[in-house]
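In what follows, a single structure is set out as structure tokens and then discussed.
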Amino acid sequence: MRYLAPGTLDEAIKAFAAAGSAARILAGGTDLLVQMRSGAVKPGVIVDIKKIAEMTAIEETAGGGFRIGAAVAGAVLGEHPRFGKVWPGVLEAVNLIGSTQVQGRASAGGNLCNGSPAGDSVPAMVAAGAVVTLQGPNGRRELPVEKVPAGPGRTNLLPGEILVSFTLPQRPPGSSDAYLRMIPRTEMDIAVVGVGVSLTLKDGVCTAARVGLGAVAPTVLLVEAAAKALIGSKLDDAALNAAAAACSAACRPIDDKRGTIAYRTKVAGVLLKRTVAIAAKRAGGK
Amino acid sequence: MAKLHVSTTINGEPMEFLCEPSDTMLDALRGPLALTGSKEGCASGDCGACSITLDDRLVCSCLMLAVESEGREIRTIEGMAHGDKLHPLQQKFLEVAALQCGICTPGMLVASDALLRQNPRPSEEEVRFWLAGNLCRCTGYDKIVRAVLETAAETREQGTRESRQ
């Protein structure tokens with residue numbers, strides 16, 4: 001195995017593309033090193049992207065928008081003076097990935113590219129309307145975050161493409177977000193269900209909403225029907241029940257040791273209501 | 001294949017070592033660097049027994065490559081005591097018997113120290129959440145949590161006394 005730590009994105013892409021399927025990207029490494037250790041992955045080349053400035057930068061754009069490098073560690077994002085105030089739901093999701101130790105290294109980029117349906121940051125990023133920037137041998141392109149996962153452990157990145165950053169949009173006044181997950185213990189476990197909600201309130205009426213749902217299908221889902229049920233309402237019981245039903249209807253979960261299909265499907269609706277309540281409170285509504 | 005040459009700083013001392021590209025920091029610490037205080041429990045980031053700090057940030061040394069320490073500052077359990085004088089957390093762990101077999105202890109101490117540097121006044125809940133990535137199979141955590149809280153309280157008291165003098 002060879003280890004490379006290029007200082008520019010162009011060099012990284014050249015090295016990554018040249019090594020083909022034998023290459024692996026190293027951001028925080030909290031998934032990759034476990035996969036290497038278990039023998040699931042035997043990389044010929046590791047391309048460490050943390051020496052590339054763009055990959056580790058957090059930039060604030062106008063109106064509460066942010067550009068977050070794909071390799072920014074969760075703990076670093078948590079220390080940013082503004083990010084958690086503007087996007088509290090995204091931050092709480094990122095800060096649920098593993099332990100304090102894991103937070104010191106694990107990145108939202110790695111969480112997304114690992115392709116787990118239960119990745120905690122992904123439903124919150126989907127709810128936030130994040131767009132990812134990808135760069136490969138054929139140049140740059142952008143993709144809504146919900147288009148990245150292709151199935152458990154698989155993404156829609158093209159051969160040789162590297163995830164560079166997440167762009168979170170500007171937020172109108174009265175906007176906020178939240179993320180909740182159900183796990184069998186209070187810390188350090190994988191989501192049985194994860195729900196991210198981002199919304200905007202104007203005079204108590206929900207004018208915009210997005211709902212991301214994790215761990216209940218082969219990929220994290222954008223649940224447009226749930227958002228539609230919330231938009232135009234005052235987040236009354238009828239709207240919440242309709243949105244919860246839409247979340248449950250979107251579920252295509254598996255039975256496993258953490259939860260049954262019936263349990264996950266029901267919890268998705270319950271969690272949606274709780275997450276909306278937190279996001280609405282933060283947005284200055286009820 | 002040729003080994004990689006790495007220059008790093010460990011517990012304030014400049015160090016150099018050779019490693020394979022696939023070696024973890026824990027492999028390097030316990031191998032060529034002969035710093036065996038950091039323990040290997042799970043080797044998958046679940047147990048925290050190999051906790052170190054990398055540029056003052058708490059990480060699992062089993063989840064980073066040794067070569068990634070090039071030019072960085074590493075701190076391990078070996079850097080915690082000053083000569084024969086134990087760190088207050090180490091002293092308190094002994095006093096309240098916050099260990100049995102001791103495998104988890106280095107990681108617990110390094111993690112607790114990182115917490116108290118960042119938050120000198122943690123609540124019990126904050127201690128428990130912070131240490132959620134450090135597993136102990138002997139004592140059941142209560143004595144460990146008590147040791148951290150008591151050390152925090154005594155360190156604060158001492159700080160107040162010193163500033164009054």
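Only a predicted model underlies this, so the values are computations on that prediction, with no experimental measurement involved. Residue numbering restarts at 1 for every chain, and letters A, B, ... go by the order of the sequence lines.
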(Q) Measuring from atom CE of B:M25 to atom CG of A:L33, what distance do you get when rounded to the nearest 0.5 angstrom? (A) 13.0 Å
Q: Verify, without hydrogens or angle tests, whether A:S99 (side chain) and B:A132 (backbone) share a donor-acceptor contact under 3.5 angstrom.
A: no
Q. Using non-hydrogen atoms only, which part of B:T24 is less than 4.5 Å away from chain A: side chain, backbone, both, or neither?
A. side chain
Q. Is the NZ atom of B:K143 crowded by more than 12 outside heavy atoms at less than 6.0 Å?
A. yes
Q: Give, for atom CZ of A:R37 and atom SG of B:C42, the distance between the pair rounded to the nearest 0.5 Å.
A: 9.0 Å
Q: With a 4.5 angstrom heavy-atom cut-off, could you sort out which part of A:L26 is near chain B: side chain, backbone, both or neither?
A: side chain
Q) B:L115 versus chain A, heavy atoms under 4.5 Å apart: side chain, backbone, both or neither? A) neither
Q) How far does OH of A:Y3 sit from CG of B:L65, to the nearest 0.5 angstrom? A) 7.0 Å
Q) A:Q101 and side chain to side chain contact (heavy atoms under 4.5 Å, CB included): which partner among B:N134, B:I52, B:V59? A) B:N134
Q: Taking atom CZ of B:R156 as the centre, report whether more than 12 heavy atoms of other residues, nucleotides or ligands fall under 6.0 Å from it.
A: yes
Q.
Tell me whether B:F129 at atom CZ has more than 12 heavy atoms from other residues, nucleotides or ligands lying less than 6.0 Å away.
A. yes
**Q.** Part of B:A114 within contact of chain A (heavy atom distance under 4.5 Å)
**A.** neither
Q. For A:K50, is it the side chain, the backbone, both or neither that has a heavy atom under 4.5 Å from a heavy atom of chain B?
A. side chain
Q.
For chain B, which candidate among A:G29, A:A75, A:A106 shows the most heavy-atom pairs at distances under 4.5 Å?
A. A:A75
(Q) One thing to verify: whether A:E79 and B:R57 come together as a salt bridge, which I'm taking to mean a side-chain N less than 4.0 angstrom from a carboxylate O. (A) yes
Q: Give, for atom CE of A:M188 and atom CG of B:D46, the distance between the pair rounded to the nearest 0.5 Å.
A: 5.5 Å
Q | Pairwise side-chain contact, A:R105 with B:L63, heavy-atom cut-off 4.5 Å (strictly under) | A | no
